[in-house]
Colleague: 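Please find one structure pasted underneath; my questions will follow.
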Amino acid sequence: MTMDASQIRATLQKARECHGLSTSEADALLSLPEEWDAELFARAREVKDKIYGKRVVLFAPLYISNYCSNSCLYCSFRMENSALKRVHLTQDEIRAEAEHLIKMGHKRVLLETGEDDASTLTYVLESINTIYGASVNGHNIRRINVNIAATSTENYRLLKRANIGTYQLFQETYHEPTYSQMHPAGPKSDYLYHLGAMERAIDGGLDDYGLGVLFGLYDYRYEVRALLDHAEHLKKSKGIGPHTISVPRLRPATGTDYPLKHLLTDAQFARVVAILRLAVPYTGIILSTRESPAMRDFLLDVGVSQISAASVTTPGGYARPEDADAGQFAGADHRSLNECVDSIINRGYVPSFCTGCYRHQRTGLEFMHLAEEGHIKEFCQVNAILTLAEFVATYGTESTRLAADGQWEAWLRQIPDAKLREQTRLDLAAVVMGERDKYV
Ligand code: SAM
Ligand code: SF4
């Protein structure tokens, strides 16, 4: 579908209402010439501000094992990579990783692992328990999201019972011939089993689920259309849209060998993020340290709502940075958590360590309705302020403290409801005086 200038304007105008766009409207926006970028990005920023306000949620990945029986051509954990030092963390080592993340100030982790006979679901469940149980001076990890291989409904039920936040699984590519080429062996080579994972996850009770594409494997326009169709299909058939969409972009990785025909330029990638923001406005968009600091800063302005920070993709690499060369791919943002926090503040956003929705059971449909109706940002802004205050008081550098101190009043003013604003002002004072874990 191609659009003339008046149709483009009408579609961008429609997107401002935050009810989303059809796949064909999103597809047409993907073909817009560059002169529309400024307007497209401005609309995406406006929609993100309307739904989520100014908060940007932070998290870190925690890799527990890099053994893998798959052959994904793009990943250094592929079983054929004999040069990779293989690591399968013990529960003590996992606890040590969690403690390092807690000492940085993280409150949310994304548990990740390769798919291997040693990394059974029992091992994953034990690891979740270990991470939730880790504690440093009364501080702990408050939410564990999980990104592990496609599995059965019964296993998803067990993950739900283990109290995970979001279950994420990337389709990598929706283009079946490319999928087969990229996944020549191992359990992941079954395209339909991988594609059906979210249906099984939802049936297992995981109502917060996250989709994603590994951008760069195939034509990005095809992937965006298919991703939106997948989201729409799940929303129609299961009643719940995706809680998040991740936008990993292919990075160099040791021991890999794959064709590089479909890499996106930065401009194309930014358009993808902006169009996803307009097409599924209620969905969080997650960006990792695969992107450079400049790109990450820029993409906050076009729709990204969650970012990882100070990430290591080597199992055990937080406690033993000297071993961090066994990572899954090369990261591009090596800033510390405090540096990321400073940069978010300096760009006019509020860094957030919030885990409130999941702990108050605002998940699945309830979260979606709150987001769709534009109410979620009331919780987001309050919790961003309170969790950032706790971070600054406990882990903040002088520079973070200075950056935040200039903003508390402005951030409080962004809470529209006067009663909630005054309550948050009191709660903020309590956190500054030493109270912890305050959220709505
Ligand atoms: N092993 C499980 C799987 O593949 O579904 C869990 C996720 S894996 C640890 C995390 C994600 O890293 C993969 O889904 C893939 O999209 C991404 N990844 C792998 N190699 C990459 C590379 N070279 N560049 C960027 N992302 C990559
Ligand atoms: Fe294994 Fe996942 Fe890497 Fe594929 S992407 S080799 S399944 S860790």
Side-chain angles (χ1 to χ4, degrees), residues 59-82 84 86-89 109-121 123-124 127 145-151 155 159 164 166-174 178-179 181-191 193-198 201 209-218 223 227 244-260 262-264 269 286-292 295 308 311-315 317 326-333:
F59 72 96
L62 198 170
Y63 283 73
I64 56 175
S65 172
N66 61 9
Y67 281 85
C68 196
S69 51
N70 288 309
S71 296
C72 315
L73 296 192
Y74 45 82
C75 177
S76 70
F77 293 175
R78 61 198 305 261
M79 65 176 166
E80 292 81 2
N81 186 7
S82 52
L84 186 81
R86 300 286 168 171
V87 184
H88 182 85
L89 296 183
V109 304
L110 175 62
L111 182 150
E112 307 209 42
T113 178
E115 182 172 14
D116 180 74
D117 286 349
S119 297
T120 58
L121 195 81
Y123 172 65
V124 170
S127 308
N145 296 333
V146 169
N147 182 347
I148 60 165
T151 185
N155 282 349
L159 281 170
I164 70 164
T166 309
Y167 171 65
Q168 300 179 6
L169 184 70
F170 309 155
Q171 183 57 33
E172 318 298 10
T173 172
Y174 283 93
T178 305
Y179 188 93
Q181 185 197 353
M182 293 291 160
H183 308 97
K188 192 169 164 182
S189 59
D190 186 338
Y191 176 86
Y193 188 72
H194 198 78
L195 186 65
M198 286 312 171
Y209 66 90
L211 303 179
V213 159
L214 182 52
F215 283 100
L217 295 181
Y218 189 63
E223 302 289 18
L227 177 68
T244 56
I245 290 179
S246 297
V247 289
R249 198 161 46 146
L250 205 53
R251 292 285 301 153
T254 57
T256 58
D257 180 20
Y258 50 86
L260 294 173
H262 295 289
L263 294 183
L264 290 73
F269 188 56
I286 303 181
L287 192 69
S288 72
T289 55
R290 292 172 181 86
E291 299 300 325
S292 67
M295 198 63 194
S308 54
S311 307
V312 164
T313 62
T314 312
Q328 194 187 16
F329 49 78
D333 182 350

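One-based numbering, in listed order, for ligands and for the atoms of each.
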Colleague: Does a side chain donor of either Glu80 or Ser71 reach within less than 3.5 Å of an acceptor in the other side chain?
Modeller: yes

Colleague: Do Thr113 and Tyr67 make a side-chain contact, defined as non-hydrogen atoms from C-beta onward lying under 4.5 Å apart?
Modeller: no

Colleague: Atom 1 (N) of ligand 1: which protein heavy atom is closest, and how many Å away?
Modeller: Thr113 O, 3.1 Å

Colleague: For atom 20 (N) of ligand 1, what's the nearest protein heavy-atom neighbour? Residue, atom name and distance, please.
Modeller: Tyr74 CD1, 3.4 Å

Colleague: Which option wins on minimum heavy-atom distance to atom 10 (C) of ligand 1: Glu112, Gln171, Arg78?
Modeller: Glu112

Colleague: Verify, without hydrogens or angle tests, whether Asn81 (side chain) and Ser76 (backbone) share a donor-acceptor contact under 3.5 angstrom.
Modeller: yes

Colleague: Give the numbers and elements of all ligand 2 atoms closer than 4.0 Å to a heavy atom of Cys72.
Modeller: 4 (Fe), 5 (S), 6 (S), 7 (S)

Colleague: Sub-3.5 Å donor-acceptor pair from the side chain of Tyr193 to the main-chain atoms of Thr151, do we have one?
Modeller: yes

Colleague: List the closest protein heavy-atom neighbour of atom 24 (N) of ligand 1: residue, atom name, distance to the nearest 0.1 Å.
Modeller: Arg251 N, 2.9 Å

Colleague: Provide, to 0.1 Å, the distance between atom 27 (C) of ligand 1 and the closest protein heavy atom, together with that atom's residue and name.
Modeller: Phe329 CD2, 3.6 Å

Colleague: Can you list the atoms of ligand 2 that are under 4.0 Å from a heavy atom of Lys188?
Modeller: 2 (Fe), 4 (Fe), 5 (S), 7 (S)

Colleague: Is the side chain of Asp333 donor-acceptor paired with the backbone N or O of Thr289 at a distance under 3.5 Å, no angle test?
Modeller: no

Colleague: Kindly say whether Tyr174 contributes a backbone atom to a donor-acceptor pair with the side chain of Glu223 at under 3.5 angstrom?
Modeller: yes

Colleague: Could you tell me which non-hydrogen atom of Tyr179 sits nearest to which non-hydrogen atom of Lys188, and how far apart they are?
Modeller: OH-O, 2.6 Å

Colleague: Measuring only between side-chain heavy atoms, which start at C-beta, is His262 closer than 4.5 Å to Thr173?
Modeller: no

Colleague: Identify, for atom 3 (Fe) of ligand 2, the protein heavy atom at the shortest distance, and state residue, atom and that distance.
Modeller: Cys75 SG, 2.3 Å

Colleague: Which atoms of ligand 2 are found less than 4.0 Å from any heavy atom of Gln328?
Modeller: 3 (Fe), 5 (S), 8 (S)

Colleague: Could you identify the single nearest non-hydrogen protein atom to atom 8 (S) of ligand 1 and state the distance to 0.1 Å?
Modeller: Gln328 NE2, 3.3 Å

Colleague: Counting each atom of ligand 2 from 1 as listed, which ones have a heavy atom of Gly114 under 4.0 Å away?
Modeller: 8 (S)

Colleague: Please state which protein non-hydrogen atom is closest to atom 7 (S) of ligand 2 and give its distance, to 0.1 Å?
Modeller: Asn70 ND2, 3.3 Å

Colleague: Is a donor on one side and an acceptor on the other found under 3.5 Å between the side chain of Arg86 and the backbone of Asn66?
Modeller: yes

Colleague: Looking only at protein heavy atoms, which one is nearest to atom 14 (O) of ligand 1, and how far off is it?
Modeller: Glu172 OE2, 2.6 Å

Colleague: Which option, Arg290, Arg249, His183, owns the non-hydrogen atom nearest atom 12 (O) of ligand 1?
Modeller: Arg290

Colleague: Looking only at protein heavy atoms, which one is nearest to atom 1 (Fe) of ligand 2, and what is the separation?
Modeller: Cys68 SG, 2.3 Å

Colleague: Spell out, as yes or no, whether a donor-acceptor pair under 3.5 Å connects the side chain of Asp116 to the backbone of Ala118.
Modeller: yes

Colleague: Would you mind listing which atoms of ligand 2 come within a distance below 4.0 Å of any non-hydrogen atom of Arg78?
Modeller: 6 (S)

Colleague: Using a strict 4.0 Å cut-off to heavy atoms of Leu169, name the atoms of ligand 1 that fall inside it.
Modeller: 5 (O)

Colleague: Output yes when Glu291 and Arg249 qualify as a salt bridge under the 4.0 Å nitrogen-oxygen rule, no when they do not.
Modeller: yes

Colleague: Between Ala253 and ligand 1, which residue portion shows a heavy-atom distance shorter than 4.0 Å: side chain, backbone, both, or neither?
Modeller: side chain

Colleague: Would you find a donor on one side and an acceptor on the other, under 3.5 Å apart, between the side chain of Ser127 and the backbone of Tyr123?
Modeller: yes

Colleague: Starting from atom 4 (O) of ligand 1, find the nearest protein heavy-atom neighbour and note its residue, name and distance.
Modeller: Lys188 NZ, 2.7 Å

Colleague: So which protein heavy atom does atom 7 (C) of ligand 1 come closest to, and at what separation?
Modeller: Asn147 OD1, 3.2 Å

